[in-house]
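Just passing along the structure, written as structure tokens.
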Amino acid sequence: MSAARPPKDRPRPDSAWAPFAARVFRALWVAQLVSNIGSWMQTVGAQWLLVGHDAALVTLVQTASSLPFVLLALPSGVLADRYDRRRVLLAAQFAMLGVSTGLAVLAFADELTPGLLLGLTFLLGCGTALMGPAWQAIQPELVERGQLGQAAALGAVNMNLARALGPALGGAVVAAAGAGWVFAFNAASYLGIAAVLLLWRRPPAQAPAAQGEKLLTALHAGRRYVWYAPGVRRVLLRTVLFIPAGSALWSLLPLVASRSLGLRSGGYGLLLGAVGVGAVGGAFVLPAVRRALGAGGTLAAGTVVFAGVLAVLATTRTFWLAVVVLLPAGLAWIGVLSTLNAALQTRLPGWVRARGLAVYLLVFQGGQALAAPVWGALADGLGLTVSLLAGSGLLLAGAVTVRRWPLHDTRAIDPTPSDHWPVPPLVFEPGPADGPVLVSVVYRVGPGNRSAFTDCMDHVARSRRRTGALTWGLYQDGNDPERFIENYLVASWSEHLAQHHGRLTATDRRYEERARRLLVKGTAPEVTHAFDAAAGAVVPETGVTTDAMNTSG
């Protein structure tokens, strides 16, 4: 099975359904839908088994599902960048199949204590954390870059369609036959994704970008990239301002169903189903909403709607009103999350994509995991009404900040790899671990361009740091004001070669070209590479021991 997209009968490129023209995307979407239905059936079964206990214990189901992302998201991102993402996904599917089977067996044997239930839910969360970065990172391999927004929305539709079907099915099955059967269905649901992945053959060009990196080195590279990518940091900030407050709905809805509305498991499933129906319906209108409001407007509107839903749930005791108000909650949730996900996907280059997405998943799932017990404790101490109103207030406060901290414009970002640096013509061949390496670039800038040049070099500085520089500085020669010297330090020769081949993007190249257009006409940058003097490097061709090797490149 290949990722080729048929040229005929495909939806319009700007259609919400355009990604379905890609065969592998379509097959994985269907298999994921079945798996997500199983996951929601299990969530209903697990939460309903604990409804008779205190509120904090019920909310710990969400914590057990989300906490593994706090612990494993970053290492999982390294694995997805270092190894074949298809194999990482397959390993996660089979691991979750084993854990779900154990959960079902214990449930049928009536040996499933709250501790065992939460522990096995945590292990399932570990499997989800392992596959999360790899799953997100393969999306640009399946659809065109311009369709990533639609693909993210369809992913949210998938989750919410499952939320519309899974809880209702799970509630009915739990009421009719017991929780063991929902756990068994969830175990079987992993087989569909595994089958599609086994048939998919990734193109040979999709080689792991971090294959030669050690774990800690790769983790540090991912952290460094995110820190020096303002657009990525802004997506993470918007996630922090939405998810912890928004998670009040998922944490407290079982208690709203049982305590405020007096419902059984089937009724709770219908409430979750209403959220899913709203999200699926929202997929039809989201493209128009984005065109009318833009990314920032969609974020603000979705956050305000979600805040209104929490406020209504805090005060209503009427089942039908709760169902009606949860419909726009689904639309708001999918609108916010698909906007954030698409904004991140379009910013991350392939070599660090899984690690960047792992940081996003860490913030997303970690925000839910840490907030859930807080909402449970607040509900136990001050009541459901106060807890839901507090979540609504926090969401409104976050919506106000959209104008001050909007998402950066993605049209200026092109993460396509750019191999535009020549190989350094050194007089000896350094080893991969040799270093650190001091790279110096000398520019000649005329008097009228110096201020503009330093402004352009701010972007170049972030590019250098994102791709491997430990330190960076720009200096002006005191004896020759036209002469500017850029110095940056890279940890090893292999790290610097990674800058040359694989890490630079078309955006990085554009920043460099803007700065070089300001140089004195007829001059070009002079590049030298110097190695650590303490290493006492020996050049075999001359037999001379030297403390530093410099060469123009």
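Just so it is clear, the structure is predicted and the values come from calculations on it, not from any experiment. All residue numbers refer to positions in the sequence shown, counting from 1.
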Please report the closest heavy-atom contact between Ala399 and Ala300, naming both atoms and the distance.
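Residues Ala399 and Ala300, closest heavy atoms: CB-O, 4.1 Å.
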Taking all atoms of both residues into account, what is the closest heavy-atom pair of Val235 and Leu340, and its distance?
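Residues Val235 and Leu340, closest heavy atoms: CG1-O, 3.7 Å.
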Just so I know, are the side chains of Asp458 and Thr454 near enough to count as touching, which here means a heavy-atom distance under 4.5 Å?
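Asp458 does not reach Thr454 side chain to side chain.
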Results of side-chain hydrogen bond (donor to acceptor under 3.5 Å, both in side chains) for Gln345 - residues two or more places apart only:
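For Gln345, the residues satisfying side-chain hydrogen bond (donor to acceptor under 3.5 Å, both in side chains) (neighbours in sequence not counted) are Gln136.
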Pairing residues for Thr416 by the side-chain hydrogen bond (donor to acceptor under 3.5 Å, both in side chains) criterion, not counting sequence neighbours:
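Per chain and number, Thr416 pairs via side-chain hydrogen bond (donor to acceptor under 3.5 Å, both in side chains) with Asp414.
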Does the Asp532 side chain pair with the main chain of Pro436, one donor and one acceptor, at a distance under 3.5 Å?
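No, Asp532 side chain to Pro436 backbone: no donor-acceptor pair under 3.5 Å.
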Quick check, are the ring centers of Trp200 and Phe25 under 6.0 angstrom apart?
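No: the rings miss the under 6.0 Å criterion.
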Could you check whether any side-chain heavy atom of Tyr228 comes within less than 4.5 Å of a side-chain heavy atom of Trp472, counting everything from C-beta outward?
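They are not in contact (no side-chain heavy atoms under 4.5 Å apart), so the answer is no.
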Only counting residues at least two apart or in another chain, list the ones meeting ring pair (Phe, Tyr, Trp, His ring centres under 6.0 Å) with His501.
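Ring pair (Phe, Tyr, Trp, His ring centres under 6.0 Å) check on His501 returns nothing, list empty.
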Counting only N and O atoms by type, is there a donor-acceptor contact under 3.5 Å from the side chain of Gln476 to the main-chain atoms of Pro481?
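Confirmed, Gln476 side chain pairs with Pro481 backbone.
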If we only count heavy atoms from C-beta on, is the Leu519 to Phe453 side-chain gap below 4.5 Å?
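Of all side-chain heavy-atom pairs linking Phe453 with Leu519, at least one is under 4.5 Å.
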With the side chain counted from C-beta on, respond yes when Val359 and Leu74 share a heavy-atom pair under 4.5 Å apart, and no when they do not.
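Yes, side chains in contact.
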Partners of Glu513 by side-chain hydrogen bond (donor to acceptor under 3.5 Å, both in side chains), sequence neighbours excluded?
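By the side-chain hydrogen bond (donor to acceptor under 3.5 Å, both in side chains) rule, Glu513 matches Arg509.
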In Å, rounded to the nearest 0.5 Å, how long is the span from CD of Gln93 to OG1 of Thr128?
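Between atom CD of Gln93 and atom OG1 of Thr128 there are 8.5 Å.
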Which residues pass the salt bridge (Lys or Arg N to Asp or Glu O under 4.0 Å) test with Arg483, sequence neighbours left out?
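Per chain and number, Arg483 pairs via salt bridge (Lys or Arg N to Asp or Glu O under 4.0 Å) with Asp477.
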Ser251 (side chain) donor-acceptor with Ala248 (main chain) under 3.5 angstrom:
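Side chain of Ser251 to backbone of Ala248: no pair is present.
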Pairs where residues 223-233 contributes a residue and the test salt bridge (Lys or Arg N to Asp or Glu O under 4.0 Å) is met, not counting sequence neighbours
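Only Arg224-Glu495 qualify under salt bridge (Lys or Arg N to Asp or Glu O under 4.0 Å).
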Measuring from atom OG1 of Thr471 to atom CG of Asn487, what distance do you get when rounded to the nearest 0.5 angstrom?
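Atom-to-atom, Thr471:OG1 and Asn487:CG are 8.0 Å apart.
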Measuring from Leu293:CG to Leu299:CG, what's the distance to the nearest 0.5 Å?
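Between Leu293 CG and Leu299 CG, I get 10.5 Å after rounding to 0.5 Å.
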Over all heavy atoms of both residues, which pair between Gly77 and Ala354 is shortest? Give the atoms and the distance, please.
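That closest heavy-atom pairing would be O-CB, 3.5 Å.
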Determine whether Arg353 and Arg347 make a side-chain contact, defined as any pair of heavy atoms from C-beta on separated by less than 4.5 Å.
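SC-SC contact between Arg353 and Arg347 ruled out.
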State the SG-OH distance between Cys456 and Tyr511, to the nearest 0.5 angstrom.
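One finds 10.5 Å between SG of Cys456 and OH of Tyr511.
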Validation row: Pro430, Leu426 side chains within 4.5 angstrom (heavy atoms)
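Yes. Closest side-chain heavy atoms under 4.5 Å.
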For Ser392, give me all partners under side-chain hydrogen bond (donor to acceptor under 3.5 Å, both in side chains), at least two apart in sequence or on another chain.
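With sequence neighbours excluded, Ser392 shows a side-chain hydrogen bond (donor to acceptor under 3.5 Å, both in side chains) to no residue whatsoever.
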Nearest heavy atoms of Leu286 and Ser338, plus distance in Å
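Closest approach of Leu286 to Ser338: CD1-OG, 4.0 Å.
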Within a strict 4.5 Å, meaning less than it, do heavy atoms of the Thr339 and Leu407 side chains meet?
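Yes, close enough: below the 4.5 Å cut-off.
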Just to verify, what does Trp421 make a ring pair (Phe, Tyr, Trp, His ring centres under 6.0 Å) with, not counting sequence neighbours?
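Here the qualifying residues are His500.
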By ring pair (Phe, Tyr, Trp, His ring centres under 6.0 Å), which residues pair with Tyr225, not counting sequence neighbours?
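Partners of Tyr225 by the ring pair (Phe, Tyr, Trp, His ring centres under 6.0 Å) criterion, ordered by chain and then number, come out as Trp351.
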Looking at Arg466 and Asp508, is any side-chain nitrogen of the basic one under 4.0 Å from a carboxylate oxygen of the acidic one?
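Looking at Asp508 and Arg466, the cut-off is met.
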For Arg444, enumerate each residue passing the salt bridge (Lys or Arg N to Asp or Glu O under 4.0 Å) test, keeping only those at least two apart in sequence or located in another chain.
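Once residues adjacent in sequence are excluded, the partners of Arg444 under the salt bridge (Lys or Arg N to Asp or Glu O under 4.0 Å) criterion are Asp480, Glu482.
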Geometric class of the Trp493/Phe531 ring pair [parallel <30°, tilted 30-60°, perpendicular >60°]:
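Correct class here is tilted.
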Rounded to the nearest 0.5 Å, what separates atom OG in Ser463 from atom CG in Leu504?
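Result: 6.0 Å between the selected atoms.
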If I compare all heavy atoms of Thr298 with all of Gly335, which pair ends up nearest, and what's the gap?
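Minimum heavy-atom contact is CG2-O, 3.9 Å.
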If we ignore hydrogens and angles and just use 3.5 Å, is the side chain of Arg26 paired with the main-chain N or O of Phe20 as donor and acceptor?
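Present.
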Can you tell me how far CE of Met131 sits from CG of Leu89, rounded to the nearest 0.5 angstrom?
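It comes to 5.5 Å.
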Does any part of the side chain of Pro424, heavy atoms only, come nearer than 4.5 Å to the side chain of Val527, both counted from C-beta?
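Result no, sub-4.5 Å side-chain heavy-atom pair not found.
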How far apart are the closest heavy atoms of Val490 and Gly468, and which atoms are they?
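Scanning both residues, the minimum pair turns out to be CG1-O, 3.9 Å.
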Partners of Arg464 by salt bridge (Lys or Arg N to Asp or Glu O under 4.0 Å), sequence neighbours excluded?
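With neighbours one apart ignored, the set is Glu486, Glu512.
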Going by the rule ring pair (Phe, Tyr, Trp, His ring centres under 6.0 Å), which residues pair with Phe122 if we only count those two or more places apart in sequence or in a different chain?
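Partners of Phe122 under the ring pair (Phe, Tyr, Trp, His ring centres under 6.0 Å) test: none.
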Report yes or no: does Asp434 contribute a side-chain atom to a donor-acceptor pair with the main-chain N or O of Gly431 at less than 3.5 Å?
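Pair found, side chain donor or acceptor close to backbone of Gly431.
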Could you verify whether a donor N or O on one side chain and an acceptor N or O on the other, from Thr401 and Arg238, lie under 3.5 Å apart?
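Yes, side-chain donor-acceptor contact under 3.5 Å.
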Output field: ring centroids Trp333/Trp250 closer than 6.0 Å:
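Here the rings of Trp250 and Trp333 have centres that are less than 6.0 Å from each other.
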